[in-house]
Peer 1: 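Please read through the structure below; I'll follow up with questions.
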Protein chains: 2
Amino acid sequence: MNPLDATRTAARDATRPDPCIGCGGRLTGLCQPLDAAALDDISSESERFAQPARSLLFREGDQASRAFSIGAGIVKLSRLLADGKQQVVGFRFPGDIVGYGASAAYPYDAELLTAGSFCKIERRRLDALLRRYPVMERRLLDMCLAELAATQEQLVTVGRRSAEARVASFLLGLEEAYRRRGAVPDPLPMPMTRSDIGDFLGLTLETVSRTFTAFKKAKWIEEPAHQKLRVLDRETLGDLAEGIVQDL
Amino acid sequence: MNPLDATRTAARDATRPDPCIGCGGRLTGLCQPLDAAALDDISSESERFAQPARSLLFREGDQASRAFSIGAGIVKLSRLLADGKQQVVGFRFPGDIVGYGASAAYPYDAELLTAGSFCKIERRRLDALLRRYPVMERRLLDMCLAELAATQEQLVTVGRRSAEARVASFLLGLEEAYRRRGAVPDPLPMPMTRSDIGDFLGLTLETVSRTFTAFKKAKWIEEPAHQKLRVLDRETLGDLAEGIVQDL
DNA sequence: CGTGCTATTGAGAAAAATCAAACGTGGTGG
DNA sequence: CCACCACGTTTGATTTTTCTCAATAGCACG
């Protein structure tokens, strides 16, 4: 299970006029299991919009009255602590649902790392849809279970692995996140800063930077341009992530 | 959200002859929203049993063909890494569901810290029940969302807090876990070892031990007996957990 | 009454954080 | 269009926290 992306999505045969929640035309999100009639029904309940990079989808503590489905873009979910430190809870990709949780207020900030397009739905309405379409609720449960598994995996990474293992794990996870959604771009877009990555892995930005430098020197990765990544030695990074070897 | 226990349970009016899944007579788990007819239905699908302390409910990698509901006892979920290190993913309490996840194999060991009693159900049958009783599926989704929030909270604790803050957070979380399930026993049973706690918090057992000693010296907690805990200064521990003060 | 865990305590080592400085670079405005 | 500025990144020196290794002590259980 890859902590970077929570939901698993299977490609679907038909290509329908992009209907609604979590479907960037590829029908890969929450609506994936629905039939045409249901999709029409749902379109009327939800609203699409776009936002620029670095803007906030919502803030920690805001009333959690809306859920969002990512059509395009990458979202960072993060909590700010009393002493100013930050923990990134996860990154979310197209097809993922953001903002649907157990509590009445959002438990973290959601910030766009890239420009993005979304589908917004009132929580109340989404709950009604879930009652009406049990396959949709099933799908949401499966997405939630996948996200839980990913978060537990991330807990292992942060709790018990060395700095190099954490960074290796992040890099492979990023690649895996793209793989799950279809073809892997080459090079991979990597819109997160060293600071974002550090806050995700429980490390400082300096440690992340040093580790990137070391990985580049070792030719395990390269950064052909700003915010572009190419994984050159998947094998070694995997061993490093697992702690089978502890190089550097 | 308390990372120690994932599910929130509301007390219920009627006290029925203990029916099935996750109901230690208190009807607090997955079956909480069901009516009498449904409960009868479900009883026939599930099987009860008990196990002694320190035994395994299942092992990481086992075929995940059964889910378990905890009637009594405390369960530790943990992953073993290649280098022998261990990460405790969470502790589970009566009313919680264990072993129902996204993947075909269990992603962690489940070990009883105390003697426990359980309700076992084939995954296939549980899935059928979920289709038959949408309120049950809804309940499972809510439990999953709560568990996700708790795990994210734990990620913050492990990723960004000091050793003392982590231990303080654990102690308050333990108390909160009991509070959620009714009256808080005094003193609190704390069946986990220093090593279990360390593996939960991403610390060594020595660091946990030292921190406990310091907290006892400061009179913020006491251990009136082996594996018994009393929280004496909730206030200070809370400030410490939040990083508002960094004592010691 | 041993014996095997679990816990405590100490000393030293190591990993990562912190503090600090300089460098690139992308974006903005003159 | 170019210069400048803010921000992200890199790199180095030093400090701190926590880990590791080690030895002892306390208990529960057989």
Peer 1: Quick test of your reading of the model: are B/Arg210 and B/Glu206 salt-bridged, counting only N-O distances below 4.0 Å?
Peer 2: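 Answer for the salt bridge query: no.
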
Peer 1: Ignoring hydrogens and angles, tell me if any N or O in the side chain of A/Thr213 forms a donor-acceptor pair with the backbone of A/Ser209 under 3.5 Å.
Peer 2: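 A pair under 3.5 Å: yes.
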
Peer 1: A side-chain contact here means heavy atoms from C-beta on lying under 4.5 Å apart; do B/Thr211 and B/Phe170 qualify?
Peer 2: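 SC-SC contact between B/Thr211 and B/Phe170 ruled out.
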
Peer 1: Tell me: CZ of B/Arg194 to C1' of D/dT18, nearest whole Å?
Peer 2: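 Between C1' of D/dT18 and CZ of B/Arg194: 18 Å.
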
Peer 1: Please list, by residue number, the residues of residues 165-172 of chain B whose heavy atoms come closer than 4.0 Å to an atom of DNA chain D; answer none if no residue qualifies.
Peer 2: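 None - not one residue of the stretch has a heavy atom sitting under 4.0 Å from the strand.
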
Peer 1: Who pairs with A/Lys216 by salt bridge (charged side-chain N to carboxylate O under 4.0 Å, His left out), at least two apart in sequence or on another chain?
Peer 2: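 Checked A/Lys216 against salt bridge (charged side-chain N to carboxylate O under 4.0 Å, His left out); matches are A/Glu223.
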
Peer 1: With the criterion being N/O to N/O and under 3.5 Å, what pairs connect the protein with nucleotides 24-30 of chain D, and how long is each?
Peer 2:
none

Peer 1: So, B/Glu153 and B/Arg161, do they make that salt bridge, N to O below 4.0 Å?
Peer 2: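 Between B/Arg161 and B/Glu153 there is a salt bridge, with a charged N closer than 4.0 Å to a carboxylate O.
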
Peer 1: Enumerate all atom pairs, one protein N or O and one N or O from nucleotides 13-17 of chain D, separated by less than 3.5 Å.
Peer 2:
residue, atom, partner, partner atom, Å
D/dA13, N6, A/Arg210, NH2, 3.4

Peer 1: Above 12 or not: heavy atoms from other molecules or residues under 6.0 Å from CZ of A/Arg179?
Peer 2: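 Yes.
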
Peer 1: With a non-hydrogen cut-off below 4.0 angstrom, is B/Thr193 in contact with a base, only sugar-phosphate, or nothing?
Peer 2: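 B/Thr193: backbone/sugar contact only, no base atoms under 4.0 Å.
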
Peer 1: Return whichever of B/Arg160 or B/Glu223 has its heavy-atom-nearest nucleotide of DNA chain C closer to the 5' end.
Peer 2: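 Final value for this comparison: B/Glu223.
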
Peer 1: Name the residue from B/Asp186, B/Ile221, B/Leu188 that meets the side chain to side chain contact (heavy atoms under 4.5 Å, CB included) definition with B/Arg230.
Peer 2: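 Testing each of B/Asp186, B/Ile221, B/Leu188 against B/Arg230, the sole residue satisfying side chain to side chain contact (heavy atoms under 4.5 Å, CB included) is B/Asp186.
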
Peer 1: Between B/Ser169 (side chain only) and B/Ala241 (backbone N and O only), is there a donor and an acceptor less than 3.5 Å apart?
Peer 2: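 No, B/Ser169 side chain to B/Ala241 backbone: no donor-acceptor pair under 3.5 Å.
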
Peer 1: Closer than 3.5 angstrom, by distance alone: can the side chain of B/Asp239 be matched with the main-chain N or O of B/Thr236 as a donor-acceptor pair?
Peer 2: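 No, the answer is negative, given that no donor and acceptor are paired below the 3.5 Å cut-off.
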
Peer 1: Rounded to the nearest 0.5 Å, how far does CG of A/Leu80 lie from CD of A/Glu60?
Peer 2: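 Spacing of CD (A/Glu60) from CG (A/Leu80) equals 7.0 Å.
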
Peer 1: Kindly indicate, with the supporting measurements, whether the criterion salt bridge (charged side-chain N to carboxylate O under 4.0 Å, His left out) is fulfilled by A/Asp233 and A/Lys219.
Peer 2: CA-CA 7 Å; A/Asp233 190 345; A/Lys219 303 279 186 205; over 6 Å; no

Peer 1: Cationic tip of B/Arg194 within the cone over B/Phe212's six-membered ring, i.e. under 6.0 Å and within 45° of the normal?
Peer 2: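 Satisfied, under 6.0 Å and within 45°.
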
Peer 1: Between A/Glu147 and A/Arg92 (salt bridge meaning N to carboxylate O under 4.0 Å), is one present in this structure?
Peer 2: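 Looking at A/Arg92 together with A/Glu147, the answer is yes, because their closest N to O distance falls below 4.0 Å.
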
Peer 1: 5' to 3' on DNA chain C, which nucleotides open and close the contacts with chain B (atom under 4.0 Å from a heavy atom)?
Peer 2: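 Counting from the 5' end, contacts occupy C/dA7 to C/dA11.
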
Peer 1: Using a strict heavy-atom distance below 4.0 Å, which residues from residues 195-207 of chain B are in contact with DNA chain C?
Peer 2: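 Residues of residues 195-207 of chain B that come under 4.0 Å of DNA chain C are, in numerical order, B/Leu205, B/Glu206.
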
Peer 1: Checking side chain to side chain donor-acceptor pair (under 3.5 Å) between A/Lys76 and each of A/Asp199, A/Asp196, A/Asp109, which is the one that passes?
Peer 2: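 Single pass found, and it is A/Asp196.
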
Peer 1: Could you check whether B/Gln86 and B/Ser78, counting side-chain N and O atoms only, form a donor-acceptor pair closer than 3.5 Å?
Peer 2: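 Yes, side-chain donor-acceptor contact under 3.5 Å.
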
